[in-house]
Amino acid sequence: MRFTSFLLNAALAAAAALPSIDIDIAKRQAPGAPTKLLVGVPNSVLLVDFDGISFNIVANATEAGTNPSWLAFREPNLLYAVDEFNAVTKLFVLGRDSNTLQPVQNAAGSAGVVHLEFNLDKTRLVGTSFGAGTIDIWDITDGTLRLLKQIASDDPLGPNANRQEAPHPHQSVLDPSGRFFVVNDLGTDTLLVIDSQNDQFEVVNRVRVAPDGCGPRHGAFFPRGAQAATHYILLCELLNIVEVFQVTYVENSIQFVPTQVLSSFGQDLPPANATTSTAGEIIVSSDNRDVYVSNRNTGNQTDTITHFRVNVPTVEGGPISLDFSESISSGGTVPRMFSLSGDENLLFSTNQNDGFGLIALARNGNNLAVQGAGDVAASADFNAAVEAAGTLVSSPVAALGVDAFGGPNAGPQFAMQI
Ligand SMILES: *[C@@H]1O[C@H](CO)[C@@H](O)[C@H](O)[C@H]1NC(C)=O
Ligand SMILES: *[C@@H]1O[C@H](CO)[C@@H](O)[C@H](O)[C@H]1NC(C)=O
Ligand SMILES: *[C@@H]1O[C@H](CO)[C@@H](O)[C@H](O)[C@H]1NC(C)=O
């Protein structure tokens, strides 16, 4: 079935330079209940409606000279935004039904913050400043941002003189126990473990990541939905590698032992330009079977999202391992961030520079193996479904070109269903 909506035609026009994008809708999802996405583009925070078929921008909070490249949402109506271009973190009140975004606070903090992470009950917010090399700890108990503490990331720099000229904390990740935040520092090839107990927010461990020059960017604890992690899966931006660590909780800290390193591109799919390539985002599915990674600036016509499957440990207490499954086009260039829909049947990706700025990709057979195990085990259909589970469908379910946003090089940098 060919997609003919006005919006997609606009997207097609925007993507005219990208003939490799297959726009036939091979497997459209049954439209679910309408939902909303938060989208960050240079100068603007947007609310975007998604009805299962098309995207529609319904609110636009614009302030020239700002860059809300990461957003965090506290139910029912508080939206926190970084401003990568200024020394503030922002609070908006979001009207879900009225489609409004009201700016209510510009809180002075570090310049160049690129990521925000809540604690478990969303009373604390951790901002990582790529620009200033610092970590801001906010008290947001009553919603308002109050700066509790700033931590300087000051480990020795990595060897990449162009990109590791200073500490660059890129993300903090809350561990499933809710006690520790791990900060990935791209500039120092280091994971900083921060203990949040009793609001101390002290650095209790510094893990130097090999190989040198790796450039830790984003990571995820594994498994999801547990009380404690057994693994941490790290994406290194500069060397474009995925690194698996086994983690152990010790008295007041977490220890990391590397167990696997693999290419973010997958086997036999080298980037056209290894020098410019910079890995972007990493996500673990909530069923703990799949890991997805984005590759940016590959020099190929479009960039990619790579899917790895998680192999359970072969011995009790042993390490998981990842296997490359498939790689598909991100539908444009520079997929800085992507996220899974609430039901995890879709992957929403951004493309910052060209092509589809916002794209919904179907994720096959989410949980199908588990649901079907009782009745049709061993049937050919069942085996095919198991084989397909977690794979991404390259024809998009819906897409909007970068021209619907800020145009080339000013497309979305963040997209998340709320
Ligand atoms: C990217 O380009 C390289 C070199 O031309 C090629 O080998 C590789 O298969 C391409 N990757 C994808 C995902 O098409
Ligand atoms: C990779 O990109 C760099 C920077 O744009 C350029 O100088 C170099 O020639 C490119 N290499 C290839 C193989 O295209
Ligand atoms: C948001 O509003 C600003 C100011 O009116 C406008 O320049 C920009 O194009 C709008 N962005 C989108 C995506 O609608």
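All ligand and atom numbering here is 1-based and tracks the order in the structure.
- At a distance under 4.0 Å, no protein heavy atom can be found next to atom 7 (O) of ligand 3.
- In this structure, Phe405 and Ile57 have side chains that are in contact, with non-hydrogen atoms separated by less than 4.5 Å.
- With ligand atoms numbered from 1 in the order given, ligand 3 contributes 1 (C), 2 (O), 3 (C), 8 (C), 10 (C), 11 (N), 12 (C), 14 (O) to contacts under 4.0 Å with heavy atoms of Asn60.
- If you check which protein heavy atom lies closest to atom 4 (C) of ligand 2, you get Thr276 CG2, 3.8 Å.
- By the 4.0 Å N-to-carboxylate-O rule, Arg363 lies close enough to Asp287 to be salt-bridged with it.
- Considering backbone and side-chain N/O atoms, Ser44 never comes within less than 3.5 Å of an N/O atom of ligand 3.
- Residue contact annotation: Pro270 has a non-hydrogen atom under 4.0 Å from ligand 1.
- Among all non-hydrogen protein atoms, the one lying nearest atom 9 (O) of ligand 1 is Leu269 CD2, 3.7 Å.
- Shortest contact from atom 13 (C) of ligand 2 to any protein heavy atom: Ala272 O, 4.0 Å.
- In this structure, the separation between CZ on Arg217 and CG on Leu186 is 8.0 Å, given to the nearest 0.5 Å.
- Those atoms of ligand 1 with a heavy atom of Thr304 less than 4.0 angstrom away are 13 (C).
- Electrostatic pairing of Asp155 and Arg206 counts as a salt bridge here, judged by a charged N lying under 4.0 Å from a carboxylate O.
- Inspection of the Asn119 and Thr123 side chains reveals an N or O donor paired with an N or O acceptor under 3.5 Å.
- Counting the atoms of ligand 3 from 1 in the order shown, those under 4.0 Å from a heavy atom of Ala404 are 13 (C).
- For atom 3 (C) of ligand 3, the closest non-hydrogen atom on the protein side is Thr62 OG1, 3.4 Å.
- For Asp49 and Lys36, the salt-bridge test passes: some basic side-chain N is under 4.0 Å from an acidic carboxylate O.
- For Arg224 and Glu344, the salt-bridge test passes: some basic side-chain N is under 4.0 Å from an acidic carboxylate O.
- Nearest-residue assignment for atom 14 (O) of ligand 1 (options Asn300, Ile328, Asp268; heavy-atom criterion): Asn300.
- When every heavy atom of Trp138 is checked against every heavy atom of Asp136, the shortest pair comes out as NE1-CB, 3.5 Å.
- Among all non-hydrogen protein atoms, the one lying nearest atom 1 (C) of ligand 2 is Asn273 ND2, 1.4 Å.
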